[in-house]
Amino acid sequence: MKKYLVVGNPIEHSLSPKLHNYWFKKYRIENSIYEKRKIEQKDLLEILEKIKKGEIEGANVTLPFKKSILPLLDRLEAPAAETQSVNTIFRENGQVIGTNTDWKGFNQTIKKTLLIKEKKMVDKNIFILGAGGVTSSIIYALKKIGGKIFVSNRTQKKAEELKNLFPDINIIKWGEKPPKCEIVVNTTSVGLNASDELNLDFSDYKDNELFFDLIYNPKETNFLKEARLRGNKTINGQLMFLYQAAFAFKYWTKIMPEIDNEVIELLE
Ligand code: ATR
């Protein structure tokens, strides 16, 4: 039996097993199973050893280990090194390699939603809220699309630290915003509880901007609801989640699963 894992803490709510096991069945990849496991930092080495020995085929890594796993890997692919964030692990020529498909999930979703190709936003402003674990993947993805990137975080120091990885970004004070933006992305955890409010004033952003919230449960955060009511385009994190999983699946099986209505319904 080929075994795959998603490791994190907490992990109970992860939908990754449902998704990957559905794809194993759909694409007739036999004797493969994907499970979730709640772990502590000290358990990471043992899991990587098992991947090295072939007892585990591959893994996804989620909060809070996406950064702390970096030094334990044999090699990092460029997106993982440049974002300092790993969400996918695979084995190649006996080495255990870390990569990042979160950025690709976001990149693919933005391109599909706005019907754009790479580097098509060179003169547009993009506003990112938050500077948590996933934010570097979002910046990395947006850099490929082009545009001037602004980042704002309640704790400004954390946004400043992102400048070490991405010197071109512009940091702005929490509560302030760039004059006009094409895309506004919420990467904070505000909205995970349905009543959460960011308390930022976007009332003058009503010009068909795209508001993107990485949160997909609840489906519509207050951030998205208010944007929709002002007439903006909105999208939640569901497609990004599906695509990051699909790209991970491709690393392990060489098959790129289709993102169709059936798989979207599976997550409903
Ligand atoms: P991660 O594990 O992803 O790094 P995190 O560091 O807790 O998670 O990041 C969560 C993000 O949501 C941070 O940008 C955090 O802002 P701070 O750096 O100031 O903590 C943001 N966040 C959480 N609660 C918030 C709130 N009530 N208002 C504004 N931002 C908030």
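This chain uses plain numbering: 1 for the first residue, then up along the sequence. As the structure lists them, so they are numbered: ligands from 1, and atoms in each ligand from 1. Both backbone and side-chain heavy atoms feed into the values below; hydrogens, waters and symmetry mates do not.
Both the backbone and the side chain of R154 come within contact range of ligand 1, each with a heavy atom under 4.0 Å. Contacts between T155 and ligand 1 below 4.0 angstrom, taking non-hydrogen atoms only, involve backbone and side chain alike.
A distance of 6.0 Å or more separates the ring centres of F150 and F127. Note: F106 and Y243 fail the aromatic proximity criterion, with ring centroids not under 6.0 Å apart. For F249 and F24, the ring centers sit closer than 6.0 Å to each other.
When each of D204, D123, D207 is checked for a salt bridge (Lys or Arg N to Asp or Glu O under 4.0 Å) with K180, only D207 meets the rule.
By the 3.5 Å distance cut-off applied to N or O atoms, S189 is counted among the residues near ligand 1. Residue V134 has no N or O atom closer than 3.5 Å to an N or O atom of ligand 1.
Atom 4 (O) of ligand 1 has its closest protein heavy atom at G133 N, 2.6 Å. Distance from atom 9 (O) of ligand 1 to its nearest protein heavy atom, with residue and atom name: G132 CA, 3.5 Å. Of all protein heavy atoms, the one closest to atom 29 (C) of ligand 1 is W174 CZ2, 3.5 Å. The protein non-hydrogen atom at the shortest distance from atom 2 (O) of ligand 1 is L63 CD2, 3.9 Å.
Put simply, the side chain of E161 does not reach to within 4.5 Å of the side chain of Q156, judged on heavy atoms. Put simply, the side chain of I33 reaches to within 4.5 Å of the side chain of M1, judged on heavy atoms.
The ligand atoms of ligand 1 that sit less than 4.0 angstrom from a heavy atom of K158 are 6 (O), 18 (O). Applying the 4.0 Å criterion to heavy atoms of G130 picks out, from ligand 1, the atoms 14 (O). Heavy-atom proximity to V190, at under 4.0 Å, picks out these atoms of ligand 1: 24 (N), 25 (C), 26 (C), 27 (N), 28 (N), 29 (C), 30 (N), 31 (C). Each of the following atoms of ligand 1 lies closer than 4.0 Å to a heavy atom of T188: 11 (C), 12 (O), 21 (C).
Cation-pi check for R228 over F223 is not met; the charged atom does not lie both under 6.0 angstrom from the ring centroid and within 45 degrees of its normal.
Heavy atoms of A131 approach ligand 1 to within less than 4.0 angstrom.
In this pair, W252 and Y34 present their aromatic rings tilted. The plane angle is within the 30 to 60° band.
In K233, the NZ atom is crowded: over 12 heavy atoms of neighbouring residues, nucleotides or ligands sit closer than 6.0 Å.
At a distance under 4.0 Å, a protein heavy atom can be found next to atom 14 (O) of ligand 1.
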